[in-house]
Amino acid sequence: MPPEVPHSCPLLTPPVQFSTLASPSSPKSSRRNRRMRAPGKMLIPVLILVLSGLSIVRLAKIAFNTWSPPQVFTLLPSSQNNCSSPSACKEGPSITRRPPKPSATETALTTKEFLLLSNLITQKLPCNLLVFGLEPQYLNLAALNAGGITLFLEDNPDKISEIKENSNVTRVYKVEYKTAAKKAYKLLKQARQNSACAPSSRPLQQETCKLALRNLPPQVYETKWDVVVVDGPAGDGPEAPGRMATIYTAGLLARAGNTTDVLVHDVDRTIEKWFSWEFLCEENLVCAKGRLWTFRITGQSNSNRFCSGETVEII
């Protein structure tokens, strides 16, 4: 039997090639074959031209749909969210915009931090509230603490001049802090090595530790405080007064009472973090919100250590 011819091979030439009914030597047959092959060759350029035209039309349509006039973008400001007021937005677009300098309001409590503090005071109403520092929002705490005692200690006379005491139980005292923030590391090492800086039963005014604040108003030492807030002095530079002494003093005042909540603001900064761990102790940390830490300290007047755990070494 003859071998089978495979059927998968495609036809490479038009079928008319196999229509050889006449003899190849016949002139009529040759002319007829040429006339039959001519239409196929003429269709190829036509098809190429049609397909090329369709491609050009399609590309033009895509380009038209995706194109947008450039003047639309020139009318938009560089950042609409940077407008602090409608009048500021009228100034038009700007190519470059420098970040604004930090304002005093950026150092104040955030909404969530202030809510944490106000809720804590609400649970203790009426209470004795001591605040190292003075911000306008803190006056709301004095109004909230009706029937209690609210006392502010501030070293900035400009802030004090803007505040008016609104009751007989709200006081604002001018104090002075003389220790620069750049001395924090040295003072911390000295406090660890000096037994005079350990908690004792002595009155705070008689403490010999360099971190103790002994010249505060008498009411500070005479009152057992329910809540102590450390948000001053500013401590915003190496030469500016730091909060080393206020955190240390807050720890001593808390141990002289029954149960005192001490809140330290700006704990994202090194000094506030170091001295909070050292004199308020991680074991007493009960809440943290943003840059505000809350320590709950029970009276331990007979203890000679601030923290029961091991001291963290600072190299």
Side-chain angles (χ1 to χ4, degrees), residues 102-145 148-156 159 163 170 172 175 177 181 184 188 211 213 220 225-237 240-255 257-298 306-307 309 312:
S103 61
T105 57
E106 294 179 356
T107 63
L109 297 176
T110 64
T111 302
K112 292 183 178 180
E113 293 168 351
F114 183 79
L115 183 62
L116 171 65
L117 178 56
S118 59
N119 287 341
L120 176 63
I121 294 176
T122 300
Q123 297 173 5
K124 296 175 174 287
L125 291 178
C127 67
N128 296 332
L129 171 62
L130 174 64
V131 181
F132 289 92
L134 182 60
E135 297 292 341
Q137 61 186 152
Y138 285 141
L139 296 181
N140 296 326
L141 300 178
L144 179 65
N145 190 28
I149 297 176
T150 304
L151 194 150
F152 297 99
L153 303 177
E154 176 58 47
D155 63 327
N156 189 339
K159 291 184 178 181
I163 302 301
T170 300
V172 180
V175 295
Y177 303 107
L188 183 57
L211 290 172
L213 295 176
V220 174
W225 301 102
D226 300 302
V227 180
V228 179
V229 179
V230 179
D231 200 8
D236 53 359
R243 297 180 185 175
M244 302 83 67
T246 53
I247 294 175
Y248 173 84
T249 301
L252 291 182
L253 291 173
R255 285 165 174 78
N258 297 320
T259 299
T260 304
D261 288 333
V262 180
L263 296 94
V264 181
H265 194 222
D266 297 321
V267 292
D268 56 318
R269 304 191 305 200
T270 302
I271 292 177
E272 284 75 0
K273 187 178 299 182
W274 276 1
F275 281 76
S276 294
W277 286 147
E278 186 74 18
F279 301 115
L280 303 177
C281 310
E282 183 179 6
E283 65 203 53
N284 297 324
L285 182 65
V286 295
C287 186
K289 181 70 69 174
R291 298 175 296 155
L292 185 67
W293 281 354
T294 304
F295 299 86
R296 184 158 295 162
I297 300 175
T298 57
F306 284 97
C307 307
V312 179

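Values below: all heavy atoms of this structure, side chains included; hydrogens, waters and symmetry mates excluded. Keep in mind that this is a model prediction, so the values were computed, not measured.
Note on ring orientation: taking the six-membered ring where Trp is involved, the planes of Phe275 and Phe279 are tilted (angle from 30° to 60°).
Within the 4.5 Å cutoff, side-chain heavy atoms of Leu120 are placed close to those of Leu263. A 4.5 Å side-chain heavy-atom check between Trp277 and Leu285 finds at least one atom pair inside the cut-off. Between Trp293 and Leu280, every side-chain heavy-atom pair lies at or beyond the 4.5 Å cut-off. Between Leu125 and Asn145 the shortest side-chain heavy-atom distance falls below 4.5 Å. Taking the side chain as every heavy atom from C-beta outward, Phe152 and Val175 never approach each other to under 4.5 Å.
The minimum heavy-atom distance between Asp226 and Asn128, with the atom names listed, is OD2-N, 2.8 Å. Nearest approach of Glu154 to Leu134, heavy atoms of both residues: OE1-N, 2.9 Å. For the pair Leu188 and Glu278, the tightest heavy-atom approach, listed with the atom from each and the gap, is CD1-CG, 3.6 Å. For the residue pair Ala250 and Val230, the shortest heavy atom distance occurs at CB-CG2, 3.9 Å. Among all heavy-atom pairs drawn from Glu272 and Asp266, the shortest one is CB-O, 3.3 Å. In terms of heavy atoms, Pro126 sits closest to Gly148 at CB-N, 3.7 Å.
Applying the salt bridge (charged side-chain N to carboxylate O under 4.0 Å, His left out) test to Asp261 and every residue at least two apart in sequence or in another chain returns Lys124, Arg296. Applying the side chain to side chain contact (heavy atoms under 4.5 Å, CB included) test to Ala245 and every residue at least two apart in sequence or in another chain returns Leu213. By the disulfide (SG to SG under 2.5 Å) test, Cys281 pairs with Cys307, sequence neighbours left out.
Between the OG1 atom of Thr249 and the CZ atom of Phe132 there is a distance of 6.0 Å, given to the nearest 0.5 Å. Rounding to the nearest 0.5 angstrom, the gap separating the CG atom in Leu141 from the CG atom in Leu139 is 8.5 Å. To the nearest 0.5 Å, the span separating OG on Ser276 from CG on Asn284 amounts to 11.5 Å. Note that the CG atom of Leu117 and the OG1 atom of Thr122 stand 9.0 Å from one another [nearest 0.5 Å]. Distance check: Ile121 CD1 to Thr150 OG1 gives 7.0 Å after rounding to the nearest 0.5 Å. Atoms CD1 and CZ, from Ile297 and Arg255 in turn, are 4.5 Å apart once rounded to the nearest 0.5 Å.
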Worked verdict on Leu253 versus Val220 for side-chain contact (heavy atoms from CB on, under 4.5 Å):
CA-CA 9 Å; Leu253 291 173; Val220 174; 3.9 Å; yes
If you apply the rule side-chain contact (heavy atoms from CB on, under 4.5 Å), what do you find for Leu151 with Trp225, and how did you get there?
CA-CA 10 Å; Leu151 194 150; Trp225 301 102; 3.9 Å; yes
Going through the checks in order, is the side-chain contact (heavy atoms from CB on, under 4.5 Å) test met by Ile247 and Trp274?
CA-CA 10 Å; Ile247 294 175; Trp274 276 1; over 6 Å; no
Run Ser118 and Asn140 through side-chain contact (heavy atoms from CB on, under 4.5 Å) and show every step you take.
CA-CA 9 Å; Ser118 59; Asn140 296 326; over 6 Å; no
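Salt bridge absent: Asp268 and Lys273 never bring a charged side-chain N and a carboxylate O closer than 4.0 Å.
Residue Leu109 is tested with Glu135, Arg291, His265, Lys289 for a side chain to side chain contact (heavy atoms under 4.5 Å, CB included); the sole match is His265.
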